[in-house]
Amino acid sequence: MKTETYNKKKSDFRLTPNLEDYEKTYKTFSWDQTKNEVDWFPKNKLNIAYNAIDRHAESDKKNKVALYWENESGEKQEYTFWQLKDLSNQFANVLDKLKIKHSERVFIFLPRIPELYIAFLGTLKAGGVAGTLFQAFGPTGLLDRLSISGARFLVTNRELAKRVYEVKKKLPHLEKILIVDDKPRHSGEIDFQEEMKTADTKYKIAHMDKDDYAFELFTSGTTGKPKGVVHGHYAILQEHMTAKWVLDIHDSDICWVTADPGWVTGIAYGMLGSWSIGASLISYDGRFDAAKWYELLQKYQVSVWYTAPTAIRMLAKAGIQLAKKYDLSNLRYLASVGEPLNPEPIRFGLKAYKLPFHDNWWQTEIGGICIANYPCMDIKLGSMGKPFPGIIASIVDDKGEELPTNTEGNLALKPKFPSLMETIWRRPQKFKSYFKKGWYITGDRAYKDKDGYFWFIGRADDVIKTAGERVGPFEVESALIEHPAVADAGVIGKPDPDRGEIIKAFCVLRLGFHPSQALIEDISQFVKKNLAGHAYPKEIEFVDSLPKTRSGKIMRRVLKAKELGLPIGDTSTLEEY
Ligand code: PRX
């Protein structure tokens with residue numbers, strides 16, 4: 001297939017890119033040499049929160065706005081670096097008063113509101129492990145995540161707390177629930193605002209080792225319970241360097257990272273890496289709406305915009321004419337992550353904003369961008385780009401042997417780099433299973449072309465990407481069989497022109513239940529309510545049986561092949577069905 005290339009022109013650069021020569025830098029780069037881009041305490045200690053906020057609060061940026069926040073009803077707030085420093089110090093003091101211990105988990109289950117950012121930063125300052133839970137999770141999704149992490153603290157609001165109380169009995173270690181918008185009503189509840197009022201704005205930040213745990217995020221896979229991916233404080237170096245060289249964030253930039261802080265992008269760039277550079281971030285607590293998004297880009301004079309292919313496709317659907325109604329002249333750099341960025345959305349960006357979207361690739365487990373298109377590099381439309389300096393990427397076969405160029409295989413990275421996960425929470429064997437022959441195996445299939453550009457092909461496993469959000473089919477299947485009518489279920493990602501994939505479930509009904517539209521609706525809503533608002537099947541098909549291996553594992557690839565009318569492939573392990 002012929003590759004379409006976008007050659008960079010002088011006019012593409014309003015500012016000189018932070019990274020001017022990719023090839024030269026790649027050859028000479030070492031993490032150790034750049035380590036002083038972040039600030040260290042004596043004896044090789046550091047803290048992510050200090051780097052994101054306090055070092056700017058102690059500089060001439062102290063009165064610069066770090067966070068512009070706005071919600072759907074038009075409420076607005078602004079926080080300077082100085083204010084965020086004080087507020088996160090206060091929250092760290094609140095945690096100290098509650099006797100938080102080193103590496104104890106504090107989970108934050110909130111919509112995108114300022115308290116989320118404050119609690120996250122304050123937890124890091126206190127030496128705890130911060131975790132976020134996407135606001136769409138329901139009781140079952142929360143139960144797994146809160147029980148696996150063993151969190152003693154939860155920060156939430158009254159509305160979302162209701163879902164936690166449905167499973168609270170099964171969470172004996174969850175002692176303190178800090179409510180941000182209401183007075184305590186149950187034992188163990190704490191009034192967040194009241195505690196903050198009396199907490200000191202001074203705090204002695206915990207000095208952490210590079211590999212001390214900083215934050216934990218859950219991902220779910222093809223089997224088993226969700227995994228708690230844990231990152232260390234040293235992740236900040238990679239998040240800082242990639243914010244600088246990939247997102248090309250300059251001091252003067254106003255950045256909008258559209259990802260929710262419930263996901264890794266919302267943390268690594270919607271907070272940490274971008275703030276570490278000293279840029280202003282905007283945060284919008286509201287649903288997607290094309291006109292509203294343009295209004296925000298215009299109003300806040302956003303210059304760097306980091307979003308996802310599904311959003312770009314939705315903006316494209318809304319039409320170029322809509323984009324032209326707004327003054328988007330401050331935009332200077334666009335980037336995308338989370339799912340394949342096909343040539344079409346890039347072409348749309350060029351027409352609508354006169355700028356190309358730069359695709360980049362990474363995962364929750366690797367904590368920061370690892371493969372990217374850079375401002376100084378021509379874009380091959382559809383490619384994820386080239387490895388970040390300090391990252392060695394390759395394509396390997398199933399035994400971990402490197403494959404030649406233009407050959408499909410497993411995308412692999414050479415450990416270790418600063419933002420690679422430190423562990424999978426309490427599952428050392430699972431953590432080990434990611435590594436083969438000295439490579440970290442990403443779970444993605446890809447190839448590398450002769451110029452060193454990487455091209456995404458698909459997942460090696462059954463993990464689903466719907467609207468850029470990662471969903472493990474096993475978790476959805478487990479939620480489905482909790483429904484009284486469902487005896488068995490198999491779940492796949494079905495290609496969808498708008499959302500990348502949608503979740504499709506094949507269900508075997510229990511005796512006495514009969515297929516109907518009402519039952520489809522009921523099952524779908526059941527999963528939406530119990531597991532998560534973003535991880536329920538949009539399509540359900542009733543079947544008599546599911547394809548399984550002789551050992552009883554669902555062969556999702558058979559379901560997928562049938563759905564797509566593709567050859568089923570090797571069925572030697574398939575039990576008759
Ligand atoms: O399959 C790849 C896909 O998203 C997975 C990681 O998802 P998550 O942990 O939710 O992190 C997303 C944000 C960093 C990857 O294994 N993915 C991510 N970026 C791209 C991508 N697929 C294609 N192109 C990308 N640029």
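Computed over heavy atoms, backbone and side chain alike; hydrogens, waters and symmetry mates excluded. Throughout, numbering of the chain's residues begins at 1 and tracks the sequence. In listed order, ligands and their atoms are each counted from 1.
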message = Suppose we measure from atom 7 (O) of ligand 1 to each protein heavy atom; which comes out shortest, and what is that distance?
response = Lys465 NZ, 2.8 Å
remark   = In this structure, atom 2 (C) of ligand 1 is nearest to the protein heavy atom Asp444 OD2, 3.0 Å
note = Near Thr364 (heavy-atom distance under 4.0 Å), the atoms of ligand 1 are 8 (P), 9 (O), 10 (O), 11 (O)
query = Between Asn410 and Asp398, is a side-chain hydrogen bond (donor to acceptor under 3.5 Å, both in side chains) present by the stated rule, with each step listed?
reply = CA-CA 7 Å; Asn410 301 300; Asp398 289 345; 2.8 Å; yes
ask   = Sub-3.5 Å donor-acceptor pair from the side chain of Glu408 to the main-chain atoms of Tyr447, do we have one?
value = no
inquiry  = Please report whether ligand 1 has a polar contact with Glu365, defined as an N or O pair separated by less than 3.5 Å (distance criterion only).
reply    = no
message = Tell me the contacting part of Glu339 for ligand 1: side chain, backbone, both, or neither, using a 4.0 Å heavy-atom threshold, strictly below.
response = backbone
query = Looking at Thr265, which atoms of ligand 1 are within less than 4.0 Å of one of its heavy atoms?
reply = 13 (C), 14 (C)
ask   = Can you tell me how far the OH atom of Tyr284 sits from the CH2 atom of Trp69, to the nearest 0.5 Å?
value = 10.0 Å
request  = Over all heavy atoms of both residues, which pair between Tyr333 and Leu247 is shortest? Give the atoms and the distance, please.
outcome  = CD2-O, 3.2 Å
query = Who gets closest to atom 14 (C) of ligand 1 by heavy atom: Trp362, Trp263, Tyr269, Phe454?
reply = Trp362
inquiry  = Within the 4.0 Å heavy-atom shell around Arg459, which atoms of ligand 1 are there?
reply    = 1 (O), 16 (O)
inquiry  = Please check this pair: side chain of Arg163 against backbone of Gly138, looking for a donor-acceptor N/O pair closer than 3.5 Å.
reply    = no
query = Are Thr242 and Tyr269 close enough that a side-chain donor and a side-chain acceptor fall under 3.5 Å?
reply = yes
remark   = Between Ala214 and Leu124, the two heavy atoms sitting closest are O-CD2, 3.0 Å
note = Of all heavy-atom pairs linking Thr222 and Arg556, the shortest is O-NH2, 2.9 Å
remark   = If we number the atoms of ligand 1 from 1 as shown, the ones under 4.0 Å from a heavy atom of Asn360 are 19 (N), 25 (C), 26 (N)
message = Just to confirm my output: which protein heavy-atom neighbour is closest to atom 23 (C) of ligand 1, and how far is it?
response = Pro340 N, 3.3 Å
inquiry  = Donor-acceptor check, side chain of Trp263 to backbone of Glu469, threshold 3.5 angstrom: yes or no?
reply    = no
task = Please identify which atoms of ligand 1 are closer than 4.0 Å to at least one heavy atom of Gly338.
result = 3 (C), 4 (O), 17 (N), 18 (C), 19 (N), 20 (C), 21 (C)
Sub-3.5 Å N/O-N/O distance, Thr442 and ligand 1 = no
Protein heavy-atom partner closest to atom 20 (C) of ligand 1 - residue, atom, separation in Å = Trp361 CD1, 3.5 Å
ask   = Using heavy atoms and a threshold below 4.0 Å, how should the contact between Phe456 and ligand 1 be classified: side chain, backbone, both, or neither?
value = side chain
